[in-house]
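What follows is a short report on a single structure.
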Amino acid sequence: HQASAERVVPLASPHPLPAPAMTRCSSMLAFLAWWAFAAASGQCGESSGVGYAKDMMLLSTRITLQAARGIDSNHKVASNPKPSAYEPGKELIQELVTMPPAADGLPPSLLQRLSQVRITPEIRVLITQMLGDIEHTFPIIVEASHNDTRLRDHVYAGFDAIALQLNQRDAAKKDAVAEARQLHYNCRTQESSLSGSLAQINRSVTDSGERKDDKLAIWQLRYSALAPDGLGSLSASALAEHEGLVEKYTEAMHDYTQALQNYEAKVAEYQKTVAEHKEKNAECKRKQAYFEGAVCESGASLQTSCSAYVSTYDLHVQDYKDMASGIAARVVDRKAEWTHLNRVACVLHELAASEKDGELGENSSATEILRGCYEVDFTNHNLTIPELHPPARQPCQVTPMWPCTAAFVHEEYAALPSDAAAAACMSPCSESKTPSSTPAPTPALATEPAHLLAYIVTDCGGHRVQRCPVNGSGDCSTVAGGQGQGDGPRQLNFPLGLALAPDGDFVITDYQNHRIQQCPASGSGDCITVAGDQGQGAGSRQLNHPHDVVLASDGDFIVADHHNHRIQRCPASGSGECITVAGGQGEGDGPQQFHYPHGLALALDGDFIVTDRYNHRIQQCPASGSGDCITVAGGQGKGDGPKQLNQPWGGVALAADGDFIVTDTHNHRIQRCPASGSGECITVAG
């Protein structure tokens with residue numbers, strides 16, 4: 001035999017097992033493999049040091065000895081039990097295997113008895129089976145270690161994903177600001193060019209006017225030189241001279257006509273340029289306002305995303321530390337288990353190495369040989385999982401200068417052309433304080449939040465909304481609807497989506513009534529229509545089978561207008577027109593289209609997360625209501641692959657780290673998809 005710190009290679013059995021024994025052994029191996037993996041991976045509860053290794057070996061010993069003795073699953077003795085001489089050796093081996101993994105050495109009494117044990121053919125079969133079981137367990141221990149390493153790396157990579165999401169959002173806002181800045185600057189440059197053209201054309205108008213006046217004076221002079229009293233009194237010579245004057249008069253009149261036409265053309269050109277300049281100036285004012293608004297939005301987004309990042313980072317750090325603590329405990333378990341199994345295997349090899357029954361007892365050095373198995377260093381350093389400390393939290397981006405401040409005006413507008421200066425500041429935002437780089441830690445959630453008083457449920461087929469006790473016992477009460485299917489102020493017609501207003505009122509998508517109802521939190525009184533008050537349709541005050549609703553930070557209602565293939569934003573006041581913030585360009589799969597949008601959620605930055613049912617994808621649409629939506633999950637056709645979905649028409653929610661939790665309806669599963677919007681989803685339920 002050969003003992004190694006990495007693994008023990010068992011001796012081949014000189015006595016092949018009969019078929020029934022091999023069948024029992026195979027079943028036992030499968031069960032032992034499962035148990036060893038579960039124990040080594042910490043899947044059976046809290047880690048408890050070397051207790052796992054001990055429990056596993058106790059189970060291994062019981063099953064192995066049962067298989068060798070022919071004991072069935074009901075602990076009944078088989079029809080041909082082994083001779084009694086088999087029992088003392090079996091009991092010694094059982095005592096050896098079930099020793100605590102952390103033991104420093106063989107107890108003297110056990111060592112003495114093992115050195116004198118008779119190695120009968122039956123004992124040899126048992127030892128061979130034991131060695132096979134142990135050998136089968138080693139790769140399971142190693143694989144469990146690899147699994148924990150992969151788990152650590154996966155959770156650690158979550159820090160990069162959180163930071164990447166922050167940077168991508170900030171970069172997108174910065175890009176929008178840069179684009180708006182460039183558009184405004186280009187416009188002012190064009191306005192300056194028009195101002196220069198206007199001045200030049202104005203000079204041309206002045207020059208052509210002066211030339212016109214000169215030509216008019218010459219024409220008038222030529223006219224006055226003609227005979228004032230007619231031609232009858234003129235002599236022949238005077239008549240000839242008059243003909244020359246007429247020719248000059250005609251020439252002067254032609255010159256004046258051309259000068260007048262040129263002047264009028266210059267005036268028309270000037271008026272056209274004035275109109276273009278005025279129009280360009282108005283355009284530049286709009287682009288300036290858009291630029292200042294983009295800076296406001298970027299600053300507000302930076303503050304929001306910074307707070308969200310800090311909060312998400314802190315939660316992930318705690319999750320990571322909890323995970324690392326569990327891994328560290330399991331490493332201790334596996335190392336103890338590895339050493340213990342190798343020691344046991346070493347002893348079993350020594351016992352099996354005797355060439356004939358009773359030989360070991362005749363060997364005076366047997367005690368030292370067996371003791372040596374507990375002096376060999378069987379440490380497997382490959383089971384060590386190096387500790388990785390959480391990366392430092394990334395600093396948040398510096399909030400930009402807010403529009404209308406002196407510093408902003410100087411920085412952004414001082415370089416504009418003097419003849420195309422910026423208009424008075426029209427910023428819609430005000431200065432805000434940048435969040436502290438070390439905010440207070442997020443308080444831990446209680447086991448049962450104090451505010452969790454009841455479950456509010458849309459009972460679709462019952463045309464009502466129910467309030468049910470949080471403890472799961474007792475009757476539910478109707479808080480909206482419940483007076484039959486209808487369109488009255490206390491009736492609903494297939495209610496689907498539900499949200500809670502800040503004051504506790506219930507906001508409900510009344511699917512078949514094509515409206516959004518706000519019902520009193522008290523559960524009594526009439527509901528009022530806050531969106532879709534003009535019946536079924538595609539107008540700005542109409543909806544067509546609304547499916548879900550969420551509330552924006554300002555209280556506006558964000559509605560999945562199902563059959564209109566659009567997302568509507570309706571005023572928090574409950575009156576006025578809704579605006580389309582996503583979709584609305586007909587049924588389709590383009591970046592600004594939906595094919596029956598169903599579920600809704602709000603991202604940390606206010607973007608709309610939409611389940612696009614028949615496009616088999618999840619879309620993230622800008623909170624601003626303009627620009628393309630991007631696919632963050634699915635979008636690779638109908639299917640059940642890790643990057644596919646099949647009619648996700650249920651809800652969607654966001655995990656603490658920003659991952660998307662999706663009901664993949666027709667695949668009968670719940671998928672967790674990366675917050676980055678790329679990569680594979682994993683199944684977390686179903």
**Prompt:** Looking at Y290 versus H184, is the centre-to-centre ring distance below 6.0 Å?
**Reply:**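 No, too far apart.
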Check the side chains of [Y] and [X] for a donor-acceptor pair under 3.5 angstrom, ignoring hydrogens and angles.
X: D589; Y: Q593; answer: no
X: D607; Y: Q620; answer: yes
X: Q491; Y: H463; answer: no
X: H565; Y: H595; answer: no
X: K643; Y: Q636; answer: no
X: Q288; Y: R188; answer: yes

Is it the case that more than 12 heavy atoms not belonging to [X] sit under 6.0 Å from its [atom1] atom?
X: Y185; atom1: OH; value: no
X: E587; atom1: CD; value: yes
X: E279; atom1: CD; value: no

**Message:** Show the nearest heavy-atom pair for residues A499 and V549, with the distance to one decimal.
**Reply:**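 In terms of heavy atoms, the two residues are closest at CB-O, 3.7 Å.
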**Cationic N near anionic O, under 4.0 Å, D533 to R515** =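 A salt bridge is absent here (no side-chain N lies under 4.0 Å from a carboxylate O).
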**Single hit among H598, H563, H562 for ring-ring contact (aromatic ring centres under 6.0 Å, His included) with H545** =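 Output: one option passes, namely H563.
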**Request:** Can you label the angle between the Y614 ring and the H616 ring as parallel, tilted or perpendicular, going by 30° and 60°?
**Result:**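 Perpendicular.
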**Among D475, D459, T478, the one residue meeting side-chain hydrogen bond (donor to acceptor under 3.5 Å, both in side chains) with Q466** =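 Filter result, single survivor: T478.
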